[in-house]
Structures are given as C-alpha cells and as structure tokens.
Protein chains: 2
Amino acid sequence: MKTPKRPYHHGNLRDAVIELALKSLETHGSQNLSLRELSRDLEVSHSAFRRHFADKQALLNALAIHGFEQYGDVLARAIADRDADFDSRLVKVVRSMVRFAGTHPVLLELMFASKNHPDAPPELLEASERALYSGPQLIAEGQKAGRVIPGDPIRLALAPFAAVHGLIALSQNGALLGAPLDRLARETVEQIIMGLRPRD
Amino acid sequence: MKTPKRPYHHGNLRDAVIELALKSLETHGSQNLSLRELSRDLEVSHSAFRRHFADKQALLNALAIHGFEQYGDVLARAIADRDADFDSRLVKVVRSMVRFAGTHPVLLELMFASKNHPDAPPELLEASERALYSGPQLIAEGQKAGRVIPGDPIRLALAPFAAVHGLIALSQNGALLGAPLDRLARETVEQIIMGLRPRD
DNA sequence: CATCTATGTATCCATTGACAACATTGTGTC
DNA sequence: GACACAATGTTGTCAATGGATACATAGATG
C-alpha cells in the first residue's frame, strides 16, 4: 500500500524550493543544483516549481535575493550593537562578514555572480545595494567620535568593506597566507584605518 | 561537393578549445558554455576534446589557470615599470587590475570560483597564488622609499590589493556608487595608504 | 614494416530544463 | 450551493547536454 501522499496542493512550495535549494547549494555546489532533483526531494512533479519561478535563472535570482537579505540583516545587527567604541564595533562587523562567508561560501558566490548577470532583475540589484550600504552609518558614527577622518561616509566605508570582500574572495577554506581569515581580516581593516603611510 | 575538410588530426585542438572557450565565456556567460557548441564551432566531433580534457570541469580549470597566468603577467608588467615613484606605480597597478576585470569579467569570476572548488587541482591553486603574490614586491620597494610603514610586505599588500578585488566584486558594469571603478579604485587605495584615522 | 601511441569519430545513454496540455483544488461571487 | 475563474499541481514530450565506449585514422618509434 502506498504511503499516504501529500495533498495535491503543496501549500508552501515556493519557500520549500528556496530552502532546499539553499541547502543543495552549499552541499553540492551551484553547478550541481538541479530542478528535477529538488522536485524529487520535495515529492512534486518536475514542472511544479514553474508556477513559482519562470525558469532556473529566476530561482537562482531568488536565492541571491534571499542571501542579500540575510547578509544585510547580519550586517545591520552587528552595526546596531552600540555598546562598544568605534574600533570594537568595526571589528564585530568584520567578523560577522567573515562568518557569513564561512557558512555560506557558495551562496555568497552566487549572490555576486547573479547581480552581475546582464539580465539581473531590479529587485536583485536593489537587494544587493541595500545589503552593501550598511557600512556608511558606522563610519559616520566613527567620524562623530573623532575616530575617522572627515569625508563622505559612503566613500570612506568602501576601503574596509571592499577589502574584507576582497580577502574573502582571495581566501581558501577560511584561510589566507596560512592565517585564519577572521584574524587576517581584522588585522587588515586595522591597517586600513591606521593607513600604510608612515606617521612621522 | 563537400568543402575540403580539415585533416583528421586537428593539430592544435587543445589550444583552440581554450581560445574559443575564453571567447564564449565573455560572450555568452559561463552558464552557457557548451562543449558541444565549442566542438561544432571547431568542426570536430563532440568527443574530440575529451582527449585533452578529462571532463568539462577540467576545461574550466584550464581556463582559470590561463586567466591567472594572464592576470599575473599583467600585474608583473605593471609592477616592473619602475620609472615613477611608489604612489604612481601603485596607481598603475590598480588601473591594470581594474582594466583586466573590465575586459575579462566572466573569466575573473570563473577564476575565483574555480580555485574555491573543493576539487581544485594543485596547479590551479599554484597559478592563483603566483598571480596574487605580486603586490609584496611593490610594497617592499615602497618601504625602501619610506612611503610605506615597516612590516611584512606580504601582509601589508593585502589591504590595497584585497580592496581592489572587493571593489571589483561590488561594482556593476565597471561602476560603483555612480563613479567609474577606475577612479574609485584609485581613490580608495589612496585612502588606504593614508589611512582613515585622523592624523593629529 | 609492425607496433604502439595520440587523437579523432560514431553511437548510445541518462539526465536535464523548458514547454504545452491537462487535472485538481481554492476562492470569490451570485 | 453552483459556477466561473485563478492558483497550483501532473503528465508527457522535446531538444540539448555531458559522459562513456568502441572504433577509425594518423603519427612516432624501433
């Protein structure tokens, strides 16, 4: 006797596909993400997902949007913690970025690849901009505390934040130059704050 | 009458596949790279390439290695130009990085994605390390000129080089925050050199 | 010249993403 | 409650793909 089957309507297929796809990404890599396999695992037909996603690229875009939202939340929470001085808060933000990269390496790669796709939908570009616009607020508060030079906080935030992203890209399995990325990122951001030009 | 066909032996199929695949990457994107289409364009059977590449991933790895070699050459040439002071030389290196990213966006993405693949072969990891190890030499010369603080040049090179890579990743169609990436990268690296901490 | 190696061709297979037609259920209105 | 429509699923088909295998052709070597 067949096991009792799910009712005809899944009820929450879109979210289920996204959740399972996120898992599959980190387990099997983005190149092995298969709509048919996801459908089998969710016990729906191979075309069911098409009611929720126009095509495979639409699913990938939804995953990237989800990733940017999560990333933005992580950054916003780290920045919202104001119980320490500017330098400590910056360290906390850097660590949260590195941690996200460590737990979602394939998703992060997909996030950046998707936003650079020629047909990237506006909601993906908007989600990426929202997520990547968190740094200026912290820099502005650092300026108020006299810990950061005057200037456009948006532009000034680029150096440390871009550097951390660059370190993430350059790293290998959470390490770079034989050092844990977490420590290396903190040290590099500290160097960026202090500068490489000697202070006579 | 059929047009005279190529001799049975292509003679240089491996290099031809790599060259055409590099073009296809930037034209159609990495997701649309198709071995069969490459074979058709090169007028060989779809299995011919398998004498040169174990599988599709092996071809992707070869493309990434080629990319790192090109990138390393570009950086080495920019660094070897010693006819200017340290700051100008750094600017030149930054511009060459941004230019490479602008002319090879998909290849650059593949390069980083490939090296982070769990089965990345050692020759790919070595090629990536060689390419990404160019900065310390310039930093050491900057230190000799008194333009860079004392310290490990390998570590000190990370801040500017990682930042440029991060800016490349964050950018969209050669621009970021409404500014050309070329200019933004130069300004950001200058900020990194001078530091974000006020100099009393 | 025979043998081995390198490199190509032809055929087959399983899997995939996309598409179209159809089926089932949920919702809203009268 | 009946009906119409919308939402969401199923079934089947197609073309294309990457991979594998057996075979074919040519180059190199002794």
Side-chain angles (χ1 to χ4, degrees), chain A residues 2-25 27-64 106 110 113-114 117-119 121, chain B residues 2-25 27-64 106 110 113-114 117-119 121:
Chain A
K2 290 168 77 181
T3 51
K5 205 160 170 13
R6 171 187 53 78
Y8 187 91
H9 274 219
H10 181 281
N12 194 31
L13 186 56
R14 185 179 199 280
D15 287 353
V17 167
I18 289 180
E19 185 179 335
L20 193 57
L22 290 167
K23 285 181 177 128
S24 175
L25 263 193
T27 306
H28 305 110
S30 60
Q31 283 171 330
N32 293 323
L33 188 74
S34 158
L35 303 175
R36 288 200 178 218
E37 192 174 328
L38 293 176
S39 300
R40 283 193 296 273
D41 290 344
L42 292 167
E43 293 183 342
V44 293
S45 66
H46 58 272
S47 290
F49 92 98
R50 289 187 67 87
R51 291 296 175 184
H52 306 276
F53 304 100
D55 54 18
K56 186 175 185 180
Q57 186 61 52
L59 171 61
L60 294 177
N61 291 343
L63 297 180
V106 185
L110 172 66
S114 295
H117 206 269
D119 301 321
Chain B
K2 289 166 78 182
T3 51
K5 207 165 169 11
R6 171 186 55 77
Y8 187 90
H9 273 221
H10 181 280
N12 194 30
L13 187 57
R14 186 180 198 278
D15 287 351
V17 168
I18 289 182
E19 185 179 336
L20 194 57
L22 289 168
K23 286 183 177 126
S24 174
L25 264 192
T27 307
H28 304 109
S30 60
Q31 283 171 328
N32 293 322
L33 189 74
S34 158
L35 302 176
R36 289 202 179 218
E37 191 173 330
L38 293 176
S39 300
R40 283 193 295 273
D41 290 344
L42 291 167
E43 291 182 343
V44 292
S45 66
H46 59 271
S47 290
F49 92 99
R50 289 184 66 85
R51 293 294 176 183
H52 306 277
F53 305 99
D55 54 17
K56 186 174 186 182
Q57 186 61 52
L59 170 61
L60 294 176
N61 290 342
L63 298 180
V106 185
L110 172 64
S114 295
H117 207 269
D119 301 321

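All values below come from the heavy atoms of this structure, side chains included, with hydrogens, waters and symmetry mates left out. If you're wondering where the values come from, they're calculated on a predicted model, not measured in any experiment. First the proteins, then the strands, lettered A, B, ... as listed; each starts at 1.
- For B:H10, whose side chain is taken as the heavy atoms from C-beta onward, the closest listed nucleotide among D:dG18, C:dA18, C:dG8 is C:dG8.
- Remark on the helix from C:dC1-D:dG30 to C:dC30-D:dG1: inter-end axis angle 10°, axes from five-pair C1' superpositions, rounded to 10°.
- Taking all atoms of both residues into account, the shortest heavy-atom contact from B:A62 to B:F53 is CB-CE2, 3.8 Å.
- Listed pair B:R50 / D:dG18 fails the phosphate criterion, with no side-chain N or O lying under 4.0 Å from OP1 or OP2.
- In plain terms, the two heavy atoms of B:L35 and B:K56 that are nearest each other are CD1-CB, 3.8 Å.
- Between B:S34 and D:dT17 there is a side-chain N or O to OP1 or OP2 distance below 4.0 Å.
- Following rounding to the nearest Å, B:L35 (CG) and D:dA20 (P) show an atom-to-atom distance of 12 Å.
- Here the closest non-hydrogen pair linking A:I18 and A:L63 is O-CD2, 3.7 Å.
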Considering only distance and modelled atom types, tabulate donor-acceptor pairs under 3.5 Å from the side chains of residues 8-15 of chain B, sequence neighbours left out.
{"unit_1": "B:H10", "atom_1": "ND1", "unit_2": "B:N12", "atom_2": "N", "d": "3.1"}
{"unit_1": "B:H10", "atom_1": "ND1", "unit_2": "B:L13", "atom_2": "N", "d": "3.1"}

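- Between the C1' atom of C:dG17 and the CD atom of A:Q57 lies a distance of 13 Å, rounded to the nearest Å.
- Between A:R6 and A:V44 the shortest heavy-atom distance is NH2-CG1, 3.2 Å.
- Taking every side-chain heavy atom of B:H52 into account, C:dT7 is the closest of C:dT9, C:dT7, D:dG18.
- Applying the side chain to side chain contact (heavy atoms under 4.5 Å, CB included) test to A:S34 and every residue at least two apart in sequence or in another chain returns A:R36, A:E37.
- Atom CG of residue A:L38 and atom CG of residue A:L33 lie 5.0 Å apart, to the nearest 0.5 angstrom.
- If you check residues 11-21 of chain A against DNA chain D, the residues with a heavy atom closer than 4.0 Å are A:G11, A:L13, listed by number.
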All N/O contacts under 3.5 Å from nucleotides 22-27 of chain D to the protein, with atom names and distances to one decimal?
{"unit_1": "D:dA24", "atom_1": "N3", "unit_2": "B:Y8", "atom_2": "OH", "d": "2.7"}

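- B:R40 places its CZ atom 10 Å from the C1' atom of D:dT17, with the value rounded to the nearest Å.
- Annotation for B:L42 and B:A16: closest pair CD2-CB, 3.9 Å, computed over non-hydrogen atoms.
- Closest approach of A:S114 to A:L60, counting heavy atoms only: OG-O, 4.1 Å.
- Following rounding to the nearest Å, B:Q31 (CD) and C:dA18 (C1') show an atom-to-atom distance of 15 Å.
- Atom CG of A:N32 and atom C1' of C:dG17 are 15 Å apart (whole Å).
- A:H46 has no side-chain polar atom (N or O) that falls below the 4.0 Å cut-off from OP1 or OP2 of C:dA18.
- With values rounded to the nearest 0.5 angstrom, B:D41 atom CG is found 8.0 Å from B:S24 atom OG.
- Remark on DNA chain D: of its neighbouring residues A:F49 and B:E37, the 5'-side contact belongs to A:F49, judged by nearest-heavy-atom nucleotide.
- Atom pair A:L38:CG and C:dT15:P shows a separation of 16 Å (rounding to whole Å applied).
- One interatomic measurement links the two molecules: CZ of B:R36 to P of C:dA10, which rounds to 13 Å at whole-angstrom precision.
- A:Q57 contributes atom CD, which lies 5.0 Å from atom CD of B:Q31 (distance to the nearest 0.5 angstrom).
- Between the CZ atom of A:R6 and the C1' atom of C:dA23 there is a distance of 14 Å, rounded to whole Å.
- B:K23 pairs by the salt bridge (Lys or Arg N to Asp or Glu O under 4.0 Å) definition with B:E19, not counting sequence neighbours.
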